[in-house]
Amino acid sequence: MNNQYELGYLAVHIVVGLERNYNTGYTRYPQVLIVTDAGNSTIRMIESNIIREFHQLKLRNIIALCEYQQLESVDENFIITTVRLTEKNKPIVKIAPFPTPYQLEQIGWLAMIDRTKPYILERFFDEKYFMILKRKITQKALFKYVCKKLETDGYVTKNFYSSLIEREAIVSTLLGEGIALLHALGLVAHKTVVVTILSPDGIEWDKEKKEMANVIFLLAISKAEYEEAMIIYDLFVTFLREKATKRLLNSQSFYDFQVIAKDSLGCSV
């Protein structure tokens with residue numbers, strides 16, 4: 001089976017299993033903030049028009065201009081407004097109460113842009129959990145070291161290590177191209193983080209098959225952040241498809257890794 005399809009199957013398998021046990025989904029809808037000083041009837045009309053045109057949008061909040069001016073930053077993906085605004089940290093689309101085709105097109109483009117990928121890279125990949133191994137280490141020793149670090153920092157419980165070992169015993173997490181994707185059984189982490197490990201000399205992953213892992217991603221995923229974290233799999237599929245192992249191993253720092261990851265996903269650095 002092609003490696004990227006193996007990873008796709010693995011992701012689906014994990015999703016289905018977790019859905020069954022935790023009743024969670026992972027669809028992520030673009031969230032929108034509406035800023036207007038219009039009356040209630042006009043606001044309802046704007047809401048109705050937007051929902052009718054863009055079912056995938058989630059209208060998270062509606063506030064007045066004075067409330068917007070007091071915000072330091074905006075949490076939503078973008079802003080739709082009927083009044084002139086000073087841009088803060090998110091894009092703005094100014095519309096009329098009856099949006100023109102051009103204004104709807106602007107909203108459509110923002111609705112289609114996938115902000116999840118760069119967002120995920122910034123949120124769940126941490127320089128503190130980026131490692132370049134310059135010495136030989138066994139798979140078991142690596143698992144113990146990383147799990148202890150995660151436990152000390154409050155990301156996982158002491159049971160995470162045993163769950164990781166149990167998961168690896170079911171089927172190898174080496175997906176091909178020297179890339180391994182480690183994860184525990186179930187959503188057993190307190191907080192979500194991805195540990196990135198680069199091993200130029202390789203770590204023996206399967207002695208019988210003489211398989212080595214050079215790029216290892218260890219996923220600690222919490223139940224609360226599961227929906228957002230599922231998009232991480234797009235990044236791993238991309239790495240496999242592009243046969244990116246050699247390129248990743250050229251990383252000399254966490255910044256280098258980010259540049260490669262964002263480039264692979266077609267994100268600006």
Side-chain angles (χ1 to χ4, degrees), residues 3-4 6-7 10 117-118 120-158 160-169 171-184 189-221 229 232-265 267 269:
N3 290 331
Q4 65 177 298
E6 288 180 3
L7 179 54
L10 174 62
K117 292 171 184 176
I120 288 298
L121 282 169
E122 292 168 6
R123 178 164 180 178
F124 296 132
F125 288 78
D126 193 314
E127 185 171 9
K128 186 177 181 181
Y129 292 101
F130 175 81
M131 309 173 191
I132 300 177
L133 299 179
K134 299 187 181 293
R135 60 185 177 88
K136 288 284 187 180
I137 188 171
T138 65
Q139 184 195 66
K140 189 175 182 179
L142 176 66
F143 288 7
K144 281 187 175 180
Y145 171 76
V146 175
C147 289
K148 186 63 178 177
K149 183 177 176 65
L150 289 170
E151 183 185 344
T152 300
D153 292 345
Y155 280 90
V156 302
T157 67
K158 62 181 180 180
F160 188 81
Y161 171 74
S162 59
S163 182
L164 201 68
I165 294 295
E166 185 180 354
R167 169 63 187 85
E168 189 68 29
V171 63
S172 173
T173 53
L174 186 66
L175 299 168
E177 303 298 332
I179 298 176
L181 182 59
L182 287 167
H183 54 89
H190 296 309
K191 297 181 289 183
T192 299
V193 69
V194 180
V195 181
T196 305
I197 304 158
L198 305 182
S199 176
D201 294 330
I203 297 172
E204 186 177 71
W205 217 255
D206 190 315
K207 190 173 184 178
E208 291 183 4
K209 295 181 180 179
K210 297 181 179 179
E211 292 178 330
M212 304 288 285
N214 298 98
V215 179
I216 300 106
F217 298 103
L218 190 157
L219 281 64
I221 301 178
I232 292 172
Y233 288 98
D234 282 356
L235 176 61
F236 304 136
V237 169
T238 302
F239 284 156
L240 284 169
R241 184 176 61 246
E242 294 185 352
K243 301 183 184 299
T245 303
K246 288 184 178 179
R247 191 179 176 202
L248 290 168
L249 290 175
N250 286 330
S251 301
Q252 299 298 310
S253 65
F254 180 64
Y255 175 77
D256 289 345
F257 168 76
Q258 283 184 309
V259 169
I260 294 169
K262 289 182 179 181
D263 181 63
S264 294
L265 291 172
C267 308
V269 180

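Each residue takes its place number in the sequence, starting with 1.
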In Å and rounded to the nearest 0.5 Å, what is the [atom1] to [atom2] distance from [X] to [Y]?
X    : Y    : atom1 : atom2 : answer
T196 : F257 : OG1   : CZ    : 4.0 Å
T245 : I179 : OG1   : CD1   : 4.0 Å
L249 : R247 : CG    : CZ    : 12.5 Å
L142 : E204 : CG    : CD    : 13.5 Å
D256 : N250 : CG    : CG    : 9.0 Å
F160 : I165 : CZ    : CD1   : 10.5 Å

If the condition is side chain to side chain donor-acceptor pair (under 3.5 Å), which residues does [X] pass it with, not counting sequence neighbours?
X    : result
D153 : K128, Y129
S163 : none
Y155 : none
E168 : T173, W205

#### Entry: Residue pair Y161 / F143, side-chain heavy-atom distance below 4.5 Å
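Yes - at least one pair of side-chain heavy atoms lies under 4.5 Å apart.
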### Task
State, yes or no, whether a side-chain contact exists between L182 and L164 at a heavy-atom distance under 4.5 Å.
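L182 vs L164: side chains touch.
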### Message
Whether K243 and E177 form a salt bridge (side-chain N of Lys/Arg under 4.0 Å from carboxylate O of Asp/Glu) is what I want to check.
### Response
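Answer for the salt bridge query: yes.
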### Task
Could you tell me which non-hydrogen atom of V156 sits nearest to which non-hydrogen atom of A189, and how far apart they are?
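Heavy atoms only, the tightest pair is CG1-CB, 4.0 Å.
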Donor-acceptor pairs under 3.5 angstrom involving side-chain atoms of residues 207-220: please list them, not counting sequence neighbours.
unit_1, atom_1, unit_2, atom_2, d
N214, ND2, S199, O, 3.0

### Task
Sequence neighbours left out, what pairs pass side-chain hydrogen bond (donor to acceptor under 3.5 Å, both in side chains) with at least one residue falling in residues 135-148?
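side-chain hydrogen bond (donor to acceptor under 3.5 Å, both in side chains) check on residues 135-148 returns no pairs.
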### Query
Do D206 and L174 pass the side chain to side chain contact (heavy atoms under 4.5 Å, CB included) test, and can you show the C-alpha distance, the side-chain angles, and the key distance before you say yes or no?
CA-CA 9 Å; D206 190 315; L174 186 66; 5.9 Å; no
